[in-house]
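Structure record follows, encoded as structure tokens.
In what follows, every chain begins at residue 1, and chains take the letters A, B, ... in the order their sequences are listed. What you see below is based on every heavy atom in this structure, not just the backbone, and it leaves out hydrogens, waters and symmetry mates.
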Amino acid sequence: MPVQLYDTHSRSLRPLEAETEQALRFYCCGPTVYGPAHIGNFRTFLLQDTLRRVLEVDGQPVHHVRNLTDVDDKTIKGAMQAGLTLQDFTRQWTEKFHADCTALNCLPPHDEPSAVEHIPQQIALIEQLIEQGHAYATDEGSVYFRVSSFENYGSLSRLKERELKPQSKNSAGQRNDADEYEREAVSDFVLWKQRKPEDGENFWKSPWGEGRPGWHLECSAMIESSFKGATLDLHGGGVDLCFPHHENEIAQSECAHGRPLCKHWFHSAHLMVDGAKMSKSLGNLYTLDDLRAKGFSPMALRYALIAGSYRQQLNFTIETLHAAQSALAKLERFATTLLDKAGQKTSDLKAYIQASDPKLTGRFASAWEALGNNLNTSAALGALFGVVGSNPAPSLNESEARDTLSAFGALLYALGLSLFTEQVAKANTPDDIQALAQERWEAKQSKDYARADSLRKTLLQKGWLIKDSVDSYQVEPNDGQT
RNA sequence: GGCGCGGUAGCCAAGUGGUAAGGCCGAGGACUGCAAAUCCUUUAUCGUCGGUUCGAUUCCGACCCGCGCCUCCA
């Protein structure tokens, strides 16, 4: 049964199907590489990755393309401030983005086009739009899209039902393009921006003079070149991109090419932090490294970010991460019992985590059903823990245990969860603490419990916790993992 | 003002016209010299008020509250 997914355009649940024998054409608006991505960005990318994985396990191949925005106001400004060329500046942040994605177990897209590498395609697209009367150049050397020339403008976000009145400020409180009085209409958006002094050396030659492409244009151009002129099956992004970005993409692409840009729109809701929108001023904007520094693993973050369903705003807190970490540990225990039964080692689990041969019926059927029903990751995890809670391992023989591992592994693949990955870095234990701990251990070994307990108490007062096992002990900071 | 999404246990969060998954935390118990870990048990009537219905948390209406977008944003 094909995966069902809510489509923003038709506002309905629809099956996600590619043309026969074709990979599903899936395009995602990628990051602007001017700094480290924050966890809100990653929620969207993680959800897209999860959807792709679900489709693959379901037997639907996907051609996944996600662009890099490596030219815009922020990248140019960042490069100038850093005293780097735009290319060097964006390269370092692209590498950081890739490293973070890898840590979060995101499959790399099959194609990752960059805006800078598609300047000629963007210029050609503009020329085409001008020729067709959908765009116009101004005396100053900018080019705008003529919104009034596209009858269906606004269909994705129901713009006709909105009051499209000019505003003097946008929601960030900034003036709206004060210098763009030259536009025919306020709703017209820029395709080509004339060169400005603050752009430095970051400009390209064009038929309209030196300048650079507008943001919306790059996606239209890259989609066209990555998918060789075919209509997309699926296009994804955060809800905020719905308008104007995706609306403008539709206008540009459909006017230029005379065919639908995309059949199905996938928008994920925003991540909130501590009940509020993330922002630097509130101090609640986290990057992956911020959370690592607090001792959380990337996998815990992945779990936390996919634990809520994608159409719902997810409220992220540090407590959420604790919960994720504990939940992951529980899955690892479950895996261990199954591996034992199957006569295999922890390291053998990897072989089971794959998209092929899902065998997702039986025990994990309801988890799988949830994923196929509008990517309900939350319900899927619930169903998974239903199985974990009634741990079937003890009653299985070796071959049954292996089958269960296959099904479990396919589910882990779909969710993008890997187990037994990295150990959370433990803080270094100071020598004096180490010495006290050793002293306590020796006291315990000689059954001097009074002394052992007293030393335990001393260590606890100093903020360190002793955890014994049969023949060894560990010392950990007793600060609740944060 | 326009468009959209929500309000479910201490926290996070699914879901259904017939009295509500799951995770975390907490509590109790088992185990342990004591702890830790682990295991078992345990914690809700679903924002408010009406309506429809044999029956609503689930459908309809009104209201209250929170959040997002309205050309910066994943």
Side-chain angles (χ1 to χ4, degrees), chain A residues 8 11 28-32 37-48 72-74 147 154 157-167 169-174 176-177 180 186-190 215-216 236-245 247-248 267-272 275-279 303-304 307-309 311-331 333 366-367 370 376-389 391 444 447-450 452-453 456-457 460 465-470 473-474 476 478 480:
Chain A
T8 314
R11 302 198 182 192
C28 300
C29 293
T32 301
H38 56 66
I39 59 174
N41 296 318
F42 282 122
R43 166 143 150 106
T44 295
F45 298 135
L46 244 20
L47 255 5
Q48 292 163 344
D72 79 322
D73 291 344
K74 289 177 193 155
V147 166
S157 52
R158 305 288 156 102
L159 208 58
K160 278 172 188 153
E161 290 151 33
R162 297 177 182 223
E163 286 182 17
L164 192 66
K165 57 184 173 192
Q167 295 187 322
K169 287 183 178 174
N170 65 23
S171 57
Q174 297 161 333
N176 268 339
D177 303 320
E180 291 177 4
V186 274
S187 54
D188 289 355
F189 57 91
V190 71
W215 174 43
H216 312 299
V239 271
D240 53 297
L241 295 187
C242 202
F243 182 84
H245 186 59
E247 210 68 81
N248 293 351
H267 289 107
S268 42
H270 274 175
L271 185 72
M272 310 288 286
K277 186 180 177 179
M278 269 191 302
S279 73
Y303 185 101
S309 56
R311 290 236 294 147
Q312 222 60 52
Q313 284 176 356
L314 180 69
N315 188 25
F316 179 89
T317 62
I318 288 297
E319 212 174 315
T320 309
L321 271 184
H322 281 132
Q325 215 154 256
S326 302
L328 243 18
K330 206 167 185 175
L331 291 180
R333 268 175 255 134
S366 53
N376 193 338
T377 46
S378 185
L381 288 169
L384 206 204
F385 278 98
V387 178
V388 171
N391 193 348
K444 180 183 171 177
K447 297 205 193 286
D448 183 356
Y449 294 127
D453 286 352
R456 175 194 287 286
K457 197 175 282 178
L460 202 57
L465 199 65
I466 303 285
K467 294 183 178 179
D468 291 342
S469 61
V470 181
Y473 67 93
Q474 278 183 56
E476 286 180 12
N478 181 35

Rounding to a whole Å, what distance do you find between R43(A):CZ and G68(B):C1'? 13 Å
Is K444(A) touching bases, backbone alone, or none of the nucleic acid, heavy atoms closer than 4.0 Å? base
Could you measure between the two C1' atoms, the one in A44(B) and the one in A36(B), and give it in whole Å? 32 Å
Can you see if the side chain of R333(A) gets near the phosphate of C39(B) - specifically, an N or O under 4.0 Å from OP1 or OP2? yes
Ring geometry between F189(A) and H216(A) (parallel below 30°, tilted from 30 to 60°, perpendicular above 60°): perpendicular
Can you tell me which stems RNA chain B forms, taking runs of 3 or more consecutive Watson-Crick or G-U pairs with both distances under 3.5 Å? B:1-7 with B:64-70, B:10-12 with B:22-24, B:26-30 with B:38-42, B:47-51 with B:59-63
Under 4.0 Å, counting only non-hydrogen atoms across every strand here, what does S268(A) touch: a base, just sugar-phosphate, or nothing? nothing
Once you apply a heavy-atom cut-off of 4.0 Å, does H245(A) come out as touching a base, just sugar-phosphate, or nothing? nothing
Please state the P separation for the pair C49(B) and U58(B) - nearest whole angstrom. 12 Å
What is the distance, to the nearest angstrom, from the CD atom on Q313(A) to the P atom on C12(B)? 13 Å
Reckon E247(A) touches a base, only the sugar-phosphate, or nothing at all at heavy-atom distances under 4.0 Å? nothing
Could you tell me whether L271(A) contacts a base, only the sugar-phosphate backbone, or nothing, with contacts defined as non-hydrogen atoms closer than 4.0 Å? base
May I ask you to verify if any side-chain N or O of K74(A) is less than 4.0 angstrom from the OP1 or OP2 atom of C72(B)? no
Using a 4.0 Å heavy-atom cut-off, does T317(A) contact any base of the nucleic acid, only the sugar-phosphate backbone, or nothing at all? nothing
